[in-house]
Amino acid sequence: MAGPTGVAAEPLAAASGSKPGYGPTLSLLATLFFMWGFITVINGTLVPHLKSVFDLNWTRTTLIESVWFIAYFFASIPSAMLIERIGYKRSIVTGLIVMAFGAVMMVPASLRPSYWLVLAALFVIASGITLLQVAANPYVAVIGSPETASSRLNLVQAFNSMGTTLAPLFGGYLILGRSTSGTAAAGAVLTPAERLADAQSVQLPYLIVAAVLVILALVIARFRLPDMNASTRGRARAEHHGHSLWRHRNLVLGVPAIFIYLIAEIGVGNLFINFVSAPEIGNLTHEQASHYLFILWGGMMVGRFLGSVLMQRIPAERVLAAFSVGALLVMLVATFTTGPLAMWALISVGLFHSIMFPTIFTLGIRGLGPLTEEGSGLLIMAIAGGALVIVQGWLADLYGLQMSFLLTAACELYVLFYAVYGSRPGTGAAATPAESVLD
């Protein structure tokens, strides 16, 4: 886990192509990426846990994750307005406090227990993460050379993947490993007393998360973050007139690319444990399956480090096209085969998904110039696409969990289209070159 200062700072700055002196800032941002990745993927163990506790069908199970991403839709614009009003540093601290409050809400939600209060707590946590996303992603993209923006954001996103890699172990041990539903065979029916005990097993992990978030908020409150260059902001406002986001094809097609990709990533991550636990696939308990989820997210971390290196030498859109083809092929294997082959095919999609979000994001804002902040807000709002994982839950109820992954395969096709055609700058790009806008 990257810290705010220390020996890791300079290598991070050097590898990312950032301006000299921004190593400590990037290291601190990497810590934020780690934490929101960690918290997001705890849902991968929470979803099968709550399915058993509340005896949910697939539609209501995936609604848990949909609520999480609905927060991105509602919180993105207010987050951008808050950042403009109070600045990046205070907004980041605010986001961490909001996340900590949502984590604490899981305690009363588990005492009763209440499905709807759980949804409310997750919505609050996700709203805090949205504020961090709106601030941190464009901040990293513009802190250095535009030519290496994709490489830099992939590198910092690799720390996000480090969090997503460790989260299944944390959730598997403290949630699934301490619950009857997590250690029982697939399909086991719980007694009312067992359901109550299982519901309360989420208290300790979420209290730990809340404590870490408060500590991180205190650290950032004392840290000097470089602010957006005031003169650049004024010039950007003056240059804004006469430019239109609609002239930038890479943004116009990039927003649905983010939206559609999130359907794929979230569907895989949150239905993974139930998929590999099935008798015809892995025949595992949920606790055992969580260890394989660790491998899936570990592949995403490795892929982002690898992508960061590749994009120093190969255009980002070509790397994105190659990874989308790989993702499409392994999803078809996971859908139409059984046993270990299907299980490992689904695990391997983490490697191919790894670079998709940061690469689409940086390709989407490429050439926006004074429109960069508006474009970034739209791309972050598109993360709400993860809410449509409920569509996959509906398909699973109708046609079976395995066949529902054809939706994921279709999502990979659009990412391929974006890499090959949609990411090309539109007619407005030449008039609005990208630039760094930090002091």
Side-chain angles (χ1 to χ4, degrees), residues 1-4 28-50 53 64-65 67-69 71-72 75 91-115 117-133 135-136 157 159-179 182 198-221 266 269-270 273 286-287 290-291 293-294 297 301 386:
M1 178 175 176
L28 182 60
L29 291 171
T31 306
L32 291 177
F33 278 70
F34 176 95
M35 280 306 301
W36 84 55
F38 184 92
I39 295 168
T40 299
V41 174
I42 289 179
N43 288 358
T45 53
L46 187 65
V47 165
H49 174 75
L50 295 177
V53 168
I64 296 168
E65 194 65 21
V67 165
W68 182 271
F69 286 93
Y72 280 90
S91 295
I92 288 172
V93 172
T94 301
L96 289 167
I97 296 301
V98 170
M99 292 165 63
F101 178 74
V104 172
M105 285 177 63
M106 292 295 289
V107 175
S110 67
L111 288 174
R112 199 164 181 256
S114 169
Y115 172 75
L117 189 53
V118 167
L119 295 185
L122 293 176
F123 184 90
V124 171
I125 297 171
S127 297
I129 291 178
T130 302
L131 179 52
L132 296 185
Q133 290 258 30
Q157 284 274 359
F159 289 91
N160 176 272
S161 294
M162 186 181 296
T164 64
T165 300
L166 296 177
L169 299 180
F170 177 85
Y173 176 73
L174 288 179
I175 297 177
L176 299 179
R178 297 170 57 243
S179 65
D198 280 8
Q200 295 176 352
S201 67
V202 305
Q203 295 177 13
L204 177 61
Y206 276 94
L207 286 174
I208 293 173
V209 166
V212 172
L213 291 170
V214 170
I215 293 171
L216 185 55
L218 293 174
V219 170
I220 292 176
I266 302 308
N270 286 276
I273 288 179
H286 287 172
E287 181 189 15
S290 69
H291 298 300
L293 183 60
F294 162 81
W297 292 113
M301 177 180 66

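Computed over heavy atoms, backbone and side chain alike; hydrogens, waters and symmetry mates excluded. The structure presented is a predicted model; accordingly, all values stated were derived computationally and were not measured.
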* To do: Look up atom CG in Leu96 and atom CD1 in Ile220, then write down how far apart they are to the nearest 0.5 Å.
  => 5.0 Å
* Approximate separation, where rounding is to 0.5 Å, of Met105 CE and Ser114 OG -> 9.5 Å
* Can you name the nearest heavy-atom pair linking Leu131 to Ser91, along with the distance? -> CD2-O, 3.1 Å
* Structure fact -> Value for CD1 (Ile92) from CD1 (Ile97), rounded to nearest 0.5 Å, stands at 13.0 Å
* Asked: Got Val124 and Phe101 here, is their nearest side-chain heavy-atom distance under 4.5 Å?
  -> yes
* Flag the pair Val93 / Leu218 as yes when at least one side-chain heavy-atom distance between them is below 4.5 Å, and no otherwise. => no
* Asked: Using the ring of each side chain (for Trp, its six-membered ring), is Phe33 parallel, tilted or perpendicular to Trp36, with breaks at 30° and 60°?
  -> tilted
* Can you measure from CE (Met106) to CG (Leu207) and round to the nearest 0.5 angstrom? => 10.5 Å
* Structure fact -> Heavy-atom nearest pair, Leu117 first then Pro108, reads CD2-C, 3.9 Å
* To do: For Gly102 and Ala121, work out which heavy atoms get closest and say how close.
  => O-CB, 3.6 Å
* Which is it for Phe69 and Ile266 under the side-chain contact (heavy atoms from CB on, under 4.5 Å) test, yes or no, and what are the steps along the way? -> CA-CA 10 Å; Phe69 286 93; Ile266 302 308; 3.2 Å; yes
* Asked: CG/Leu29 to CZ/Phe34 distance, rounded to the nearest 0.5 angstrom?
  -> 15.0 Å
* Asked: Roughly how far, to the nearest 0.5 Å, is CG of Leu213 from CD1 of Ile125?
  -> 8.5 Å
* Structure fact -> Closest non-hydrogen contact found for Leu122 with Trp68 is O-CE3, 3.5 Å
* Got more than 12 heavy atoms from elsewhere within 6.0 Å of OH, Tyr115? -> yes
* What heavy-atom pair brings Leu216 and Met35 nearest, and what distance separates the two atoms? -> CD2-CG, 3.7 Å
* To do: Would you check if Leu132 and Met99 make a side-chain contact, meaning some heavy-atom pair closer than 4.5 Å?
  => yes
* Would a 4.5 Å heavy-atom cut-off, applied to side chains only, mark Tyr72 and Gln133 as touching? -> yes
